Amino acid sequence: MEEHLTVGRVAELAEVTVRTLHHYDEIGLVRPSARTAAGYRAYAVADVERLREVLAYRRLGFGLREIADLVDDPATDAVAHLRRLRGLLLDQRDRAAGMVTAIDKELEARAMGIRTTPEEQLRGVGKQLYDTIGSAYPATRRTEPRIAARVWEALGDARTVLNVGAGTGSYEPPDREVTAVEPSAVMRALRPAGAAPCVAAGAESLPFEDRSFDAAMAFSTVHHWQDPIAGLREMRRVARRVVVFTHDATDTGWLHRFWLTRDYLPEVAGLVTGRPSVDRLARAIGARMEPVLIPWDCADGFFEAYWRRPEAYLDEHVRRAISVWTRVGPQAEKRAVDALRADLASGRWAERNPDLVDLDAAELGLRLLVA
């Protein structure tokens, strides 16, 4: 690729108008930062990379303001953007393929003189179709009712609840007044219609007055925060009760209890290095700590959820909804998945883990902090 590309050349390659590029320049979304030998403005390599991300998000239906939040996210590098875009595009492809299948079935029925009912026609484009084909995150990261019951019980009599690091809204209690906080524009866009109102903010600086809520909750998100201690103290500031679902990595034994980290993905140990211990998190807000067992058929596809269903980790859609796989990198992921696939085929995995089939729930370090 040329070191610098003119506006006209970029418009030609990207199949957009020069006017579109000028508009992106005017609003500060993508500004050409280089100059040609003749003194004209041109796109440097970094500008082209940013434009690629902008156009990809735009063609996925995101608005320009939301795209600006996405591409300016300091926690997301170029590789993370590509992985995110790939997942969204796969989701779009799967949804389109599902609709094509539904249309083909109706065409086949009409060719035989059969008229589909209104219910069948709506089902082809409605919620039932999306429940079947799913998408990476919403399809695998659903509320697990047995864990949700623990969280909601811990909320006590709270009527107003702040959900910090809310993601797509799993575990938000349906019978309370919920306000969500989520810094990721992608996650906010994936929240379903009718979900609680969501504020774009980080846990470390919550835009609310002291004691604004009866309770504040955080579910499987603390490990993503830049400063977990500050975030927990902020939750304590804005609410009289705090409930946090997190993972105890204090005892290195958990790495060996879970066969995935023990036998296939030891790199996970490096991901928790330097992270505040769960004891320190609890002390920061004066919380008690309760273990949370993972049911064998857990509906929420977090990292440890498939401890008795190892085949699930071979599914890329499952892995893309688990941040660990992105964080360890593609080489470690490929090595782990290839080794697991081989061991499942040979029966070696079953030989290594004979006791799991008799367990209904497993203790793999998940904890509930209640203050």
Side-chain angles (χ1 to χ4, degrees), residues 141-184 187-188 191-192 194-250 275-295 298-300 302 361 363-371:
R141 298 305 300 272
R142 298 185 294 269
T143 300
E144 164 50 53
R146 288 157 290 191
I147 295 178
R150 293 281 306 277
V151 174
W152 297 344
E153 180 183 7
L155 291 173
D157 61 356
R159 300 305 308 164
T160 57
V161 177
L162 179 68
N163 187 14
V164 182
T168 60
S170 297
Y171 299 91
E172 291 177 357
D175 59 342
R176 329 262 181 135
E177 181 184 334
V178 177
T179 300
V181 168
E182 173 53 53
S184 167
M187 287 299 186
R188 294 197 303 272
R191 290 176 64 84
C198 190
V199 177
E204 298 84 354
S205 183
L206 297 174
F208 305 104
E209 300 292 333
D210 293 359
R211 298 300 174 107
S212 297
F213 302 90
D214 295 331
M217 60 177 283
F219 191 93
S220 194
T221 177
V222 173
H223 55 286
H224 291 302
W225 299 354
Q226 292 184 356
D227 188 340
I229 299 296
L232 291 177
R233 287 174 176 163
E234 273 288 89
M235 292 175 67
R236 196 70 167 128
R237 178 183 66 79
V238 303
R240 61 179 176 82
R241 179 182 291 264
V242 177
V243 178
V244 177
F245 180 86
T246 188
H247 187 275
D248 181 7
T250 306
R275 186 192 302 176
S277 69
V278 70
D279 293 326
R280 186 180 170 200
L281 297 179
R283 287 196 302 271
I285 54 175
R288 70 176 186 271
M289 193 177 346
E290 303 174 0
V292 179
L293 301 185
I294 308 171
C298 184
D300 189 353
F302 49 76
E363 207 296 81
L364 293 176
L366 299 184
R367 299 289 181 266
L368 198 64
L369 308 184
V370 184

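For this chain, numbers begin at 1 and follow the sequence in order. Since the structure is predicted, the reported quantities are computational estimates derived from the model, not experimental observations. Hydrogens, waters and symmetry mates play no part in the numbers below; they use all other heavy atoms, side chains included.
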Item to check | Separation between CG of Asp175 and CG of Leu155, rounded to the nearest 0.5 Å | outcome: 9.0 Å
Next on the checklist: How close do Asp157 and Arg176 get, counting heavy atoms only, and between which atoms?
Outcome noted: C-NH1, 4.3 Å
Item to check | Flag, side chain of Thr246 to backbone of Arg367, donor-acceptor distance under 3.5 Å | outcome: no
Next on the checklist: Determine whether a donor-acceptor pair (N or O, by modelled atom type, separation under 3.5 Å) exists between the side chain of Tyr171 and the backbone of Ala166.
Outcome noted: no
Item to check | Residue pair Ala216 / Ala239: nearest heavy atoms and the distance that separates them | outcome: N-CB, 3.5 Å
Next on the checklist: Set out, in order, the CA-CA distance, both residues' side-chain angles and the distance that settles side chain to side chain contact (heavy atoms under 4.5 Å, CB included) for His223 and His247, then state yes or no.
Outcome noted: CA-CA 8 Å; His223 55 286; His247 187 275; over 6 Å; no
Checklist entry - Is there a side-chain contact between Val278 and Met289 (heavy atoms, below 4.5 Å)? => result yes
Checklist entry - If only atom types and distance count, is the side chain of Arg236 paired as donor or acceptor with the main-chain N or O of Val242 below 3.5 Å? => result no
Item to check | Heavy-atom side-chain proximity of Leu369 to Val243 below 4.5 angstrom | outcome: no
Item to check | Stepwise side chain to side chain contact (heavy atoms under 4.5 Å, CB included) check, Val244 with Val164 | outcome: CA-CA 10 Å; Val244 177; Val164 182; over 6 Å; no
Checklist outcome for this item: Rounded to the nearest 0.5 angstrom, the CD1-CZ distance for Ile229 and Arg280 is 4.5 Å
Checklist entry - Roughly how far, to the nearest 0.5 Å, is the CG atom of Leu232 from the CD atom of Glu204? => result 9.5 Å
Item to check | Over 12 foreign heavy atoms within 6.0 Å of CD, Glu153 | outcome: no
Checklist entry - Which heavy atom in Pro192 sits nearest to a heavy atom in Thr168, and how many Å separate them? => result CD-O, 3.3 Å
Next on the checklist: Keeping Arg142 on the side-chain end and Ser170 on the backbone end, is there a donor-acceptor pair under 3.5 Å?
Outcome noted: no
Next on the checklist: My understanding is that only residues two or more places apart in sequence, or in another chain, count here; which of them pass side chain to side chain contact (heavy atoms under 4.5 Å, CB included) with Glu177?
Outcome noted: Thr160
Checklist entry - Which distance, rounded to the nearest 0.5 Å, do you find between the SG of Cys298 and the CD of Glu144? => result 4.5 Å
Item to check | Pro173 and Met217, any side-chain heavy atoms less than 4.5 Å apart | outcome: yes
Next on the checklist: Nearest 0.5 Å, please: how far is OG in Ser205 from CD in Gln226?
Outcome noted: 11.5 Å
Next on the checklist: Going by side-chain hydrogen bond (donor to acceptor under 3.5 Å, both in side chains), name the residues that satisfy it together with Arg191, two or more places apart in sequence or in a different chain.
Outcome noted: Glu172
Checklist entry - Looking at Trp152 and Pro174, what are the two nearest heavy atoms and their distance? => result CH2-CD, 3.7 Å
Next on the checklist: Nearest 0.5 angstrom please: Asp214 CG to Arg241 CZ, how far?
Outcome noted: 9.5 Å
Next on the checklist: Under the ring-ring contact (aromatic ring centres under 6.0 Å, His included) definition, can you give me all pairs with a residue in residues 194-215, not counting sequence neighbours?
Outcome noted: Phe208-Phe213
Next on the checklist: Whether the side chain of Glu363 engages the backbone of Gly365 through a donor-acceptor N/O pair (distance < 3.5 Å, no angle test) should be reported.
Outcome noted: yes
Item to check | Contact summary for Ala201 and Val181, nearest pair of heavy atoms | outcome: O-CG1, 3.2 Å
Item to check | Lys/Arg N to Asp/Glu carboxylate O, Arg237 vs Glu234, below 4.0 Å | outcome: yes
Checklist outcome for this item: Between Pro145 and Thr143, the two heavy atoms sitting closest are CD-O, 3.4 Å
Checklist entry - Would you say Arg188's side chain and Gly167's backbone share a donor-acceptor pair under 3.5 angstrom? => result no
